[in-house]
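Here, residue 1 is the first one in the sequence, and each next residue gets the next number. All heavy atoms count here, side chains included; hydrogens, waters and symmetry mates do not.
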Amino acid sequence: MKRWVFVLVVGIGFLVVTLLFAREDPDVVKCGGRIMGPGDVCESTKGSRVVDVDTYDQMKAAAESRAETFRDHGLWMAGVGVALTGLGTTMLIRGKRRKDRAVAAARQDAQWPGFAQQQAPGARFQSPPQWQPVPGQRPYPPQTGWPQQPPQAGPPPQRFGPPGHGGS
C-alpha cells in the first residue's frame with residue numbers, strides 16, 4: 001500500500017511541475033518578484049554577500065528555454081502525472097476496500113465462534129466452514145431421535161406429474 005502512496009505523490013508532483021511551467025510567461029522576466037527590463041541586472045544575495053549576478057538577457061534566454069521545454073514535453077508530463085495520480089488513487093482505494101473486507105470477515109468469524117476455518121488465512125480457495133458445537137452446546141440433530149408420526153388412514157396421497165417421475 002505504501003508504494004501506491006509513493007506513486008500518487010509522484011503523479012501529483014508531475015502535475016504540480018506541469019502547472020508551474022504552464023503559468024510562466026517567457027515575455028515577463030522577474031527578479032525577486034520585480035519585473036525587469038533590458039539593461040537591468042539581478043543580484044542574488046545570501047546574508048549580506050552577493051552570490052549570483054544575472055543580466056536581463058540571460059534571464060530572458062532561460063525563461064524562453066523553459067517555455068520551449070514545456071511546449072515540447074508539457075503534455076507528456078501532464079499525461080504521466082494524470083496516469084500516475086489515477087493509478088495511485090485507484091490502487092489505494094482497492095487496497096482500503098480489500099482491508100475493510102478482511103476486517104469485516106474477521107468480525108464475522110468472531111461473531112460465529114462455532115465455525116472454524118479449515119485452511120490457513122490468506123489461502124486462495126477455502127472450503128466452506130464446518131460447524132462445530134460450542135462447548136456446552138448440544139449437537140444438532142438431537143440424539144433422542146425424531147418423533148414418530150401416527151399412521152394415516154384413508155387413500156394414499158395423490159401424485160402429480162408424468163408417470164415414472166417423482167416418487168414411486
Open item on the list: Hydrophobic clusters here meaning ILVMFWY residues chained together by side-chain heavy-atom distances under 4.5 Å, can you tell me if M91 and V10 are in one?
Closed with: yes
Open item on the list: I need the R97 CZ to R101 CZ distance, nearest 0.5 Å.
Closed with: 8.0 Å
Task: Distance, nearest 0.5 Å, that separates NZ of K2 from CG of L92 - done: 12.5 Å
- [ ] Could you state whether L75 and V17 fall into the same hydrophobic cluster, counting links through intermediate Ile, Leu, Val, Met, Phe, Trp or Tyr residues with side-chain heavy atoms under 4.5 angstrom apart?
- [x] no
- [ ] Just jot down the salt bridge (charged side-chain N to carboxylate O under 4.0 Å, His left out) partners of E68, sequence neighbours excluded, or say none.
- [x] none
Open item on the list: How long is the straight-line distance from OG1 of T90 back to CG of L8, given to the nearest 0.5 Å?
Closed with: 10.0 Å
Open item on the list: According to a hydrophobic-cluster definition based on side-chain heavy atoms being under 4.5 Å apart (Ile, Leu, Val, Met, Phe, Trp, Tyr only), do L84 and M77 belong together?
Closed with: yes
- [ ] Pick out which of M36, R34, K30 makes a side chain to side chain contact (heavy atoms under 4.5 Å, CB included) with C42.
- [x] M36
Open item on the list: Please tell me whether V82 and W4 are part of a single hydrophobic cluster in this structure, the criterion being side-chain heavy atoms less than 4.5 Å apart.
Closed with: no
Open item on the list: I'd like to know if the side chain of T18 and the backbone of F14 have a donor-acceptor N/O pair within less than 3.5 Å.
Closed with: yes
TODO: Starting from V28, walk the hydrophobic network (Ile, Leu, Val, Met, Phe, Trp, Tyr; side-chain heavy atoms closer than 4.5 Å) and list everyone else you reach, by chain and number.
DONE: I35
- [ ] Evaluate side-chain contact (heavy atoms from CB on, under 4.5 Å) for V9 paired with F6, printing each intermediate quantity in order.
- [x] CA-CA 5 Å; V9 168; F6 176 74; 5.6 Å; no
Task: Linked, directly or transitively: W76 and F70 (ILVMFWY side chains, under 4.5 Å) - done: yes
